[in-house]
Amino acid sequence: MRVEDLLSQIEDLLEEGKRSLVGDKVRVDAEAIRSIIADIKISMPDEVIQARKIAAERKVILAQANDNAERQIAQAEIQARKLVEESEITRVANENAASIIADAKKQAADIVEQAKKNSAEIVNNAQKWATELRNGATGFVDKIMAETDDILSQSIDDFTKSLNKVRIASQQLKSATTKQS
């Protein structure tokens with residue numbers, strides 16, 4: 001069952017609980033509960049927005065890492081071509097170019113791997129945060145439902161006691177009236 005459905009049920013219970021027939025005591029501040037429920041409903045979309053933002057950031061980080069890697073490879077290839085063009089150091093240039101390209105590829109792979117780890121960590125933290133929010137909201141809703149149930153039970157007990165007193169008084173009145181006749 002979705003959190004929104006549970007919150008709607010609490011609102012329904014509060015509406016039904018307002019019609020107490022016994023006493024003038026206020027046992028639940030319905031407006032405060034509605035306000036908290038509204039806050040919970042408002043905060044839930046923030047989790048979705050935060051998760052989307054994290055996913056977008058992850059894409060940007062990976063794109064930047066890929067761009068950086070391509071730039072480094074392109075620079076390495078340009079530098080390698082320049083070295084090869086110089087006839088006196090062709091052999092050394094080839095070795096240096098290969099080394100530069102290998103280093104660039106390794107750096108690019110390291111950057112991409114680190115970006116993936118960072119984005120995974122961000123997503124995991126966001127999921128933990130969302131779970132904590134949902135659990136907190138569910139606990140709060142359960143607590144409110146239990147308190148509302150206790151209040152309703154107490155109100156029914158109070159009403160039943162009052163009704164029994166009225167019945168006893170009515171019987172006593174009938175009995176007294178019968179004796180006087």
Side-chain angles (χ1 to χ4, degrees), residues 1-18 28-86 89-151:
M1 184 170 265
R2 293 180 22 205
V3 173
E4 290 84 3
D5 295 337
L6 292 172
L7 294 173
S8 294
Q9 288 178 4
I10 287 176
E11 288 176 326
D12 292 342
L13 288 173
L14 287 172
E15 289 297 322
E16 293 171 7
K18 281 174 58 175
V28 176
D29 183 355
E31 289 303 316
I33 291 173
R34 282 190 189 95
S35 174
I36 293 168
I37 290 170
D39 289 345
I40 292 170
K41 285 181 178 178
I42 289 170
S43 71
M44 294 304 288
D46 288 343
E47 296 172 17
V48 175
I49 291 168
Q50 183 68 18
R52 286 181 183 155
K53 183 178 178 182
I54 289 168
E57 288 175 1
R58 179 179 186 224
K59 288 179 183 178
V60 169
I61 290 169
L62 289 174
Q64 288 174 345
N66 284 331
D67 289 345
N68 190 15
E70 289 176 7
R71 259 185 277 145
Q72 288 183 0
I73 290 170
Q75 289 173 351
E77 288 173 350
I78 290 170
Q79 189 174 0
R81 277 188 224 116
K82 286 180 182 179
L83 291 174
V84 169
E85 290 174 1
E86 298 174 359
I89 56 170
T90 301
R91 185 183 58 79
V92 174
N94 286 334
E95 291 173 3
N96 286 340
S99 176
I100 291 170
I101 289 172
D103 288 346
K105 287 181 179 180
K106 182 182 180 324
Q107 286 178 355
D110 290 346
I111 290 169
V112 169
E113 184 62 30
Q114 187 61 42
K116 286 180 182 179
K117 286 180 183 178
N118 290 346
S119 64
E121 184 178 337
I122 290 169
V123 169
N124 286 338
N125 288 338
Q127 288 172 341
K128 287 178 187 176
W129 178 70
T131 299
E132 289 172 2
L133 279 176
R134 277 191 218 96
N135 290 341
T138 300
F140 177 76
V141 167
D142 290 344
K143 179 181 175 188
I144 294 299
M145 289 177 66
E147 289 175 1
T148 303
D149 187 44
D150 290 345
I151 289 168

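Keep in mind that what you see is a predicted model, and the values were worked out from it rather than measured.
- Remark: D150 pairs with no residue by the salt bridge (Lys or Arg N to Asp or Glu O under 4.0 Å) rule, at least two apart or across chains.
- Interatomic distance, E57 CD to L62 CG, rounded to the nearest 0.5 Å: 12.0 Å.
- I100 contributes atom CD1, which lies 3.5 Å from atom CD of Q79 (distance to the nearest 0.5 angstrom).
- Remark: E95 pairs with R91 by the salt bridge (Lys or Arg N to Asp or Glu O under 4.0 Å) rule, at least two apart or across chains.
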Could you walk me through whether N118 and Q114 satisfy the side chain to side chain donor-acceptor pair (under 3.5 Å) test, starting with their C-alpha distance in whole Å, then the side-chain angles of each, then the deciding distance to 0.1 Å, before giving a yes or no? CA-CA 6 Å; N118 290 346; Q114 187 61 42; 2.9 Å; yes

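- To the nearest 0.5 Å, atom CD1 of residue I101 and atom NZ of residue K105 are 6.5 Å apart.
- If you take CG on D149 and CG on D142, they are separated by 12.0 Å, rounding to the nearest 0.5 Å.
- Atom CG of N66 sits about 9.5 Å away from atom CD1 of I73, to the nearest 0.5 Å.
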Test log, rule side-chain contact (heavy atoms from CB on, under 4.5 Å), inputs R134 and T131: CA-CA 5 Å; R134 277 191 218 96; T131 299; 4.0 Å; yes

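- Using a cut-off of 4.0 Å between Lys/Arg side-chain N and Asp/Glu carboxylate O, D67 and R71 are scored as not salt-bridged.
- Between the CD atom in E147 and the NZ atom in K143 there is a gap of 5.0 Å [rounded to 0.5 Å].
- Considering every non-hydrogen atom in both A104 and Q72, the closest pair reads O-OE1, 3.8 Å.
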